[in-house]
Amino acid sequence: VYPGRLMEGAAITAGHELPWVNDRTAVLTSRNKAGVLATLADAGIDVPRSAMLSNPVDESAVVDAVTDLSFPVVVKPNSATRGVGVAKAGDLDSLLGVVDYLDLIHDFRSTGDKSYLIQEFLADARDYRAMVIDGDCVGGVERRLPDDLADGRWKHNVHRGAEAIGVDLPDSHRRLAERVAAELEIPYLGVDLLETDDRLVVTETNARPTVDDAGKYDSGFYDRLAG
């Protein structure tokens, strides 16, 4: 898969003929959370209600962005990974405080993507990562916080201590993940799903998904990936 550090990836590609499973375009497409959500929503796929903002913006723009949302809301950098910078704001003052910190970060010229998302918060949702290879869903995991970390926490990123437990994904989840990969035209894709009592939504995708144990997925996982 094309490196997450795009500058290094370009240098490596220039000097070697490498058969990337996912190329630079695929990685950039998936990394742009707002672009993914807009593409999927346009295709009729359910995604969290979201507003995208790009600094610098006036405070009034932030207030207008949440007019149709109910608190709490989730604030998420547009192109970060592993749950970095994701916060939950329970009221408007808290939201504006989080945005103040984003403003400080985005003041640095070296900050590349200065956009962020404000999204509806789906309470008590089950969190799944479905894996798709060449159009077929090859299984998935449910991400859960262990009991000793669950109190007062709501993010299920594995890099923040959550456990990825292999599960038998329902057919509806598999077909949805396959549809997402087809819409984005990405061969190898992790599709993040949140399921509540009445909704199954796509929250993000990852064209460089972590696989800690192929045994959590369908048999022949690595053979499919290598093929």
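Looking at Asp107, Asp103, Asp113 one by one, the single match for side chain to side chain donor-acceptor pair (under 3.5 Å) with Asn55 turns out to be Asp103.
Annotation: side chain of Ile45 is in contact with side chain of Leu176 (closest heavy-atom distance under 4.5 Å). Side-chain contact between Trp154 and Val74: present, with at least one pair of heavy atoms (C-beta onward) separated by less than 4.5 Å. Side-chain contact between Phe71 and Leu95: present, with at least one pair of heavy atoms (C-beta onward) separated by less than 4.5 Å. Counting only heavy atoms from C-beta outward, the side chains of Tyr2 and Thr13 approach each other to under 4.5 Å. Side-chain contact check for His106 versus Pro56: every heavy-atom pair is 4.5 Å or farther apart. The shortest distance between side-chain heavy atoms of Val191 and Tyr128 does not fall below 4.5 Å. Looking only at side-chain heavy atoms (C-beta outward), His156 and Leu145 come within less than 4.5 Å of each other. Taking 4.5 Å as the limit, some side-chain heavy atom of Arg129 sits within range of a side-chain heavy atom of Pro209.
Using a distance-only test at 3.5 Å, with no hydrogens or angles considered, a donor-acceptor pair links the side chain of Asp91 to the main chain of Ser94. For Lys155 (side chain) and Arg160 (main-chain N/O), no donor-acceptor pair under 3.5 Å exists by modelled atom type. A donor-acceptor pair is defined here as one N or O able to donate and one able to accept, closer than 3.5 Å; no such pair exists between the side chain of Lys216 and the backbone of Val211. Judged by distance alone, with hydrogens and angles left aside, the side-chain atoms of Arg126 form no donor-acceptor pair with the main-chain N or O of Arg143 at under 3.5 Å. Judged by distance alone, the side chain of Ser30 and the main-chain N or O of Ala26 form no donor-acceptor pair under 3.5 Å.
A continuous path of ILVMFWY side-chain contacts below 4.5 Å connects Leu40 to Leu117, so both sit in one hydrophobic cluster. Linking Ile, Leu, Val, Met, Phe, Trp and Tyr whenever their side-chain heavy atoms come within less than 4.5 Å leaves Val132 and Leu225 in two separate clusters. Hydrophobic cluster membership differs between Val36 and Leu28, with clusters built from Ile, Leu, Val, Met, Phe, Trp and Tyr side chains linked at under 4.5 angstrom. Under the 4.5 Å side-chain heavy-atom criterion for Ile, Leu, Val, Met, Phe, Trp and Tyr, Val1 and Ile186 are members of distinct hydrophobic clusters. Taking hydrophobic clusters as Ile, Leu, Val, Met, Phe, Trp and Tyr residues chained together by side-chain heavy-atom distances below 4.5 Å, Leu37 shares a cluster with Val202.
Within 6.0 Å of the CG atom in Asp124, the count of heavy atoms belonging to other residues, nucleotides or ligands does not exceed 12. No more than 12 heavy atoms of other residues, nucleotides or ligands lie within 6.0 Å of CG in Asp197, so this atom counts as exposed by the packing criterion. Atom OH of Tyr101 is surrounded by 12 or fewer heavy atoms from other residues, nucleotides or ligands within 6.0 Å. The number of heavy-atom neighbours closer than 6.0 Å to CG of Asp212, taken from other residues, nucleotides and ligands shown, is above 12. Around CG of Asp100, the count of heavy atoms belonging to other residues, nucleotides or ligands within 6.0 Å exceeds 12.
There is no side-chain donor-acceptor pair under 3.5 Å between Thr67 and Asp64. Using modelled atom types, one finds no donor on one side chain facing an acceptor on the other under 3.5 Å when comparing Asp58 with Ser60. No side-chain donor from either of Asp192 and Asn206 sits under 3.5 Å from a side-chain acceptor of the other.
In this structure, CD in Glu195 is found 11.5 Å from CG in Leu122, a value given to the nearest 0.5 Å. Taking OG1 of Thr205 as the reference point, atom CG of Leu189 lies at 5.0 Å (rounded to 0.5 Å). In this structure, Asp168 CG and Glu142 CD are separated by 12.5 Å, a value rounded to the nearest 0.5 Å. Atoms CD and CG, on Glu59 and Leu96 in that order, are 4.5 Å from each other to the nearest 0.5 Å. One finds the NZ atom of Lys88 at 12.0 Å from the CZ atom of Arg153 (value rounded to the nearest 0.5 Å). Rounding to the nearest 0.5 Å places CG of Asp127 at 8.5 Å from CG of Leu193.
Across every non-hydrogen atom of Thr196 and Ala125, the tightest pair is CG2-CB, 3.8 Å. Annotation for Pro187 and Asn22: closest pair CD-OD1, 3.1 Å, computed over non-hydrogen atoms. What you find for Met52 and Ala34 is that their closest heavy atoms are SD-CB, 3.3 Å. In terms of heavy-atom proximity, Gly9 sits nearest to Pro3 at CA-CG, 3.7 Å. Taking every heavy atom of both residues into account, Val141 and Tyr217 meet most closely at CG1-OH, 3.6 Å.
A salt bridge is defined here as a Lys NZ or Arg NE, NH1 or NH2 lying under 4.0 Å from an Asp or Glu carboxylate O, and Arg174 with Asp218 meets this definition. In summary, Asp46 and Arg199 engage in a salt bridge, as defined by a charged side-chain N under 4.0 Å from a carboxylate O. A salt bridge is absent between Arg144 and Glu163; no separation between the charged side-chain nitrogens and carboxylate oxygens falls under 4.0 Å. With salt bridges taken as basic N to acidic carboxylate O contacts below 4.0 Å, one links Arg224 and Asp136.
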### Task
Mind running side-chain contact (heavy atoms from CB on, under 4.5 Å) on Val21 and Tyr188 for me, showing each step along the way?
CA-CA 7 Å; Val21 176; Tyr188 173 42; 3.6 Å; yes
### Task
Show the numbers, then the answer: is there a side-chain contact (heavy atoms from CB on, under 4.5 Å) between Phe221 and Met131?
CA-CA 10 Å; Phe221 176 85; Met131 207 73 77; 3.8 Å; yes
### Task
Tell me, with the steps shown, if Cys137 and Leu169 meet side-chain contact (heavy atoms from CB on, under 4.5 Å).
CA-CA 9 Å; Cys137 181; Leu169 283 179; 4.2 Å; yes
### Worked verdict on Arg31 versus Leu6 for side-chain contact (heavy atoms from CB on, under 4.5 Å)
CA-CA 12 Å; Arg31 182 177 291 183; Leu6 301 177; 4.0 Å; yes
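Figure legend: Lys76 and Tyr116 shown without cation-pi pairing, the cationic atom not lying both under 6.0 angstrom from the six-membered ring centre and within 45 degrees of its axis.
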